[in-house]
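A, B, ... follow the sequence lines: proteins, then strands. Residue 1 opens every chain.
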Number of protein chains: 2
Amino acid sequence: MKQIDKRQQLVENALALFYAKGIHAVGINEVLAQSGVAKKTLYNHFASKEALIQACIIERDQRFITWFTQRCHDNSSLAVFVEHLFNALDDWINDRAIELGEFKGCFFVNTAAEYGEHTSEIKQLCMQHKIHIKKLFEKKLQPLIKDKVQRDSLTALLMLLKEGCINCAHVMGDKQAAITAKPLATAFIDKI
Amino acid sequence: MKQIDKRQQLVENALALFYAKGIHAVGINEVLAQSGVAKKTLYNHFASKEALIQACIIERDQRFITWFTQRCHDNSSLAVFVEHLFNALDDWINDRAIELGEFKGCFFVNTAAEYGEHTSEIKQLCMQHKIHIKKLFEKKLQPLIKDKVQRDSLTALLMLLKEGCINCAHVMGDKQAAITAKPLATAFIDKI
DNA sequence: GCACAAGTATACCGATCTGTCTATTATAAC
DNA sequence: GTTATAATAGACAGATCGGTATACTTGTGC
C-alpha cells in the first residue's frame, strides 16, 4: 500500500476519534488500533502526536469548507442563501451530514478549548478555519449586497448565529437551534 | 483552618487552572501545588478528580450567573437591557471582569468538548448552566415583552448572539465580537 | 489535658501515555 | 532477481497520571 494511503488512513481515523472523544482523551495507541497501522508507520509520517493533530485540523478544515461550500452554493438571492445555510447546519446538527461524523459541536472550538496558550500552533490553525468560514460568507454575499457596511453587518450576523447555534445545539442539546436561528437572519435581511 | 476553607481553596484553584489550560491538561498534583494543600486532604473532600471537576463546574456556574445577573440588572427597557448585556460580554472578552479570570471562552463549552459521551454527568452539568442563562434572559424579558412568541424569539436571539460572540472572540480572536453583536440585537428589538 | 479529627509531606502502586528500538516481512523500482 | 524502502508487531523506556498508604503534626471540643 502506498505511503499516502497509510497517512490518509491515520488522519481520517484520528480525526474521527479526536472529534468524538476530544484530543487528550484519545491516545496514540487507540488511533493505531482503529487505523490498523503500526506505530512505527505513524512516526514515519508524523514527527509527533502534535503533528498528527495539526494534520487532522487541516483535514477537517478542508472537509468542512468543501461540504459547506456545496451546501451554500446557491446564492441567487439573500433569502435562498440564508435558507440553504441554516438547512445545512440543521442537517449537521441532526446527523444528516455523514461527511462530518456524528455531531459533537465544532471541532475547532473543541480543540482550541484543550490548548490554553494563544500562541500554540494548534490554536492558530483553529483560528484559520474560522477565518476561512468568514471569507466564504463574504464571497457569497459580495454579489448580493453592494453596500459594504451592510454586507459586513450581515456577515457578522451570520458568523455569530452560526457559532451560536452550533454551540447551543452541542452544549444545551437544542437540536432546533438552526431552525430557530433561520428566521432571525431572514428578519435582518428583510430590512435591507 | 476549617474544612470548608480547604475545600473552597481547592475548588477555586482547580477552577482557575482548568479554565486556563483545559481539564485533561491539568493534573491533580498541579492543583495541589497551586492550592498549597496535601493530596490526602483533597481526597478527603472529593472522591475523585471527577468529583472535583463537578464541584468546579457548579462553582463556575454560580459565579458566572451572579456576575451576569448583576451586570444585567437594569431591565428598565429593552434597549437598556441589551446595552448592558453586551457591554458585560465585552468587558469579559477584553479582560475587564476579574471575577471571571483571563478570558478563555466559555468554560462550559470547553469542558463539554473534553467529554464525548452525552450521558456523562459533567456534560449534563454544562447543559444545566446554559439552561440557567436562558432562564435568566426569560426572567428579565418577562416584564418587557408581553407577547410570548416575540419574547421567546428575542430570548433565542440573545442566546445565539451571546454564544456566538463568546466563541468568535475565543477561537477567532475577534475581541470586538460583543460590540459587533450589540447593534444586531438592537436592530431586532427596534421592530418590536 | 486528652482524644479525635483533619492536614501535611511524601513514598508508593498500577495504569497509561508518548515515543524509541529491534527484528521481521512485504512491496516496489530498476 | 536484487536491493532499498516501508510496513508490521511488539517489547521497552521514561515520564506522568490518578489514587492509596504511612507516619507525623496541627488544631479543636469537651
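- Between the side chains of A/Asn29 and A/Lys39, a donor-acceptor pair is found at a separation under 3.5 Å.
- Two rings, from A/Phe68 and A/His73, have their centers 6.0 Å or more apart.
- Distance A/Glu30 CD to C/dA15 P: 18 Å, rounded to the nearest Å.
- Among D/dT8, D/dA7, C/dG7, the nucleotide with an atom closest to any side-chain atom of A/His45 is D/dA7.
- Considering only the side chain of B/Lys6, C/dG7 comes nearest among D/dA9, C/dT18, C/dG7.
- Nucleic acid contact for A/Val31: none, since no nucleic acid atom lies under 4.0 Å from a heavy atom of the residue.
- Rounded to an integer number of Å, the gap from A/Gln8 CD to D/dA6 P is 18 Å.
- Nearest-nucleotide positions on DNA chain D for B/Lys49 and A/Thr41 put A/Thr41 closer to the 5' end.
- Here the P atom of nucleotide C/dT18 and the CG atom of A/Leu10 are 14 Å apart, to the nearest Å.
- We find that B/Glu30 and B/Lys21 are joined by a salt bridge, their nearest charged nitrogen and carboxylate oxygen being less than 4.0 Å apart.
- Atom CG in B/Asn29 sits about 11 Å away from atom P in D/dG19, given to the nearest Å.
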Inset, instruction - Start with the C-alpha distance between B/Asp152 and B/Lys148, add both sets of side-chain angles, then the distance that settles salt bridge (charged side-chain N to carboxylate O under 4.0 Å, His left out), and finish with yes or no. - result: CA-CA 6 Å; B/Asp152 288 349; B/Lys148 189 179 186 317; 2.6 Å; yes

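- We find that CG of A/Leu42 is positioned 16 Å from C1' of C/dC21, with the value rounded to whole Å.
- Rounded to whole Å, atom P of C/dC17 lies 12 Å from atom CZ of A/Phe18.
- Closest to the B/Ala38 side chain, of the nucleotides D/dG18, D/dT8, C/dT8, is C/dT8.
- Per the geometry, CD1 belonging to A/Ile28 stands 16 Å off C1' belonging to D/dT16, to the nearest Å.
- Whole-Å rounding puts the B/His24 NE2 to D/dC17 C1' distance at 11 Å.
- For A/Lys39 against C/dG19, a side-chain-to-base donor-acceptor contact under 3.5 Å is present.
- Mapping B/Lys40 and B/Glu50 onto DNA chain D via the closest heavy atom, the residue that lands nearer the 5' end is B/Glu50.
- A side-chain N or O of A/Asn94 and one of A/Asp90 form a donor-acceptor pair less than 3.5 Å apart.
- Dashed line: the shortest gap from a side-chain N or O of A/Asn44 to OP1 or OP2 of D/dA7 is under 4.0 Å.
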